[in-house]
Amino acid sequence: MASPRPQNWSLRPSPREDQDEEGPVDQMISRTSCMELHYAVQEGMADHQDWMKFQSQVQTFKDCVMIFQKAWKEQLMRQAQAAALWDTEYT
C-alpha cells in the first residue's frame, strides 16, 4: 500500500491561481451578501491597522452577518418542521 503524499504547505499558489480561486472565508462571506462590507473592513485594516479606528465598518459587517445567520437558522427550522410534518403524515 502506497503511503499518501504529504501536503506541501510551503507552496504558494501562483498569482493566476490566487486570482481564480476564492478562499474558504471569501466563499462563506459571498453567500451572505455581505462581501462589500467585508471588503470595507479589509480596507480599513489596511489603511489604519487598528480595529478601533474603523469600528463603524466592523459593526456594520457584523450586523450584516448576524442578519444572514438569523435568516439561515429560521429557514433551517422551517425545513425541519416541514420534514417532521411530512414524516407524520406519510409514514
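Excluded from the calculations below are hydrogen atoms, water molecules and symmetry mates; all remaining heavy atoms, backbone and side chain alike, are included.
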Query raised in the report: If you round to the nearest 0.5 Å, how far is NZ of Lys70 from CD of Gln75?
Result: 14.5 Å

Requested in this report: Please assess Gln42 against Met45 for the test side chain to side chain contact (heavy atoms under 4.5 Å, CB included), listing each intermediate value before the final yes or no.
Outcome: CA-CA 5 Å; Gln42 287 181 324; Met45 192 61 187; 5.8 Å; no

**Report entry** Nearest non-hydrogen partners of Ala40 and Gln57, listed with the distance
**Finding:** CB-CG, 4.4 Å

Query raised in the report: At their closest point, which heavy atom of Ser30 faces which heavy atom of Gln27, and how far apart are they?
Result: OG-O, 2.8 Å

Query raised in the report: If you look at every heavy atom in Cys64 and Leu37, which pair is closest and at what distance?
Result: CB-CD1, 3.5 Å

Report task. Verify the cluster assignment for Met35 and Val25: are they in a single hydrophobic cluster under the rule of side-chain heavy atoms below 4.5 Å apart? Result -> yes

Query raised in the report: Roughly how far, to the nearest 0.5 Å, is the CD atom of Gln79 from the CD atom of Glu74?
Result: 12.5 Å

Query raised in the report: Is it the case that one hydrophobic cluster holds both Phe61 and Val58, taking links as side-chain heavy atoms less than 4.5 Å apart, direct or via other members?
Result: yes

Query - Gap between atom CD of Gln59 and atom CE of Met66 - 0.5 Å precision - result: 9.5 Å

Query - Single hit among Asp26, Thr32, Val65 for side-chain contact (heavy atoms from CB on, under 4.5 Å) with His38 - result: Asp26

Requested in this report: Evaluate the ring planes of Trp51 and Phe54, with Trp represented by its six-membered ring, and classify them as parallel (under 30°), tilted (30 to 60°) or perpendicular (over 60°).
Outcome: tilted

Requested in this report: First locate atom CZ of Phe68, then atom SG of Cys34, and finally report the distance between them rounded to the nearest 0.5 Å.
Outcome: 8.0 Å

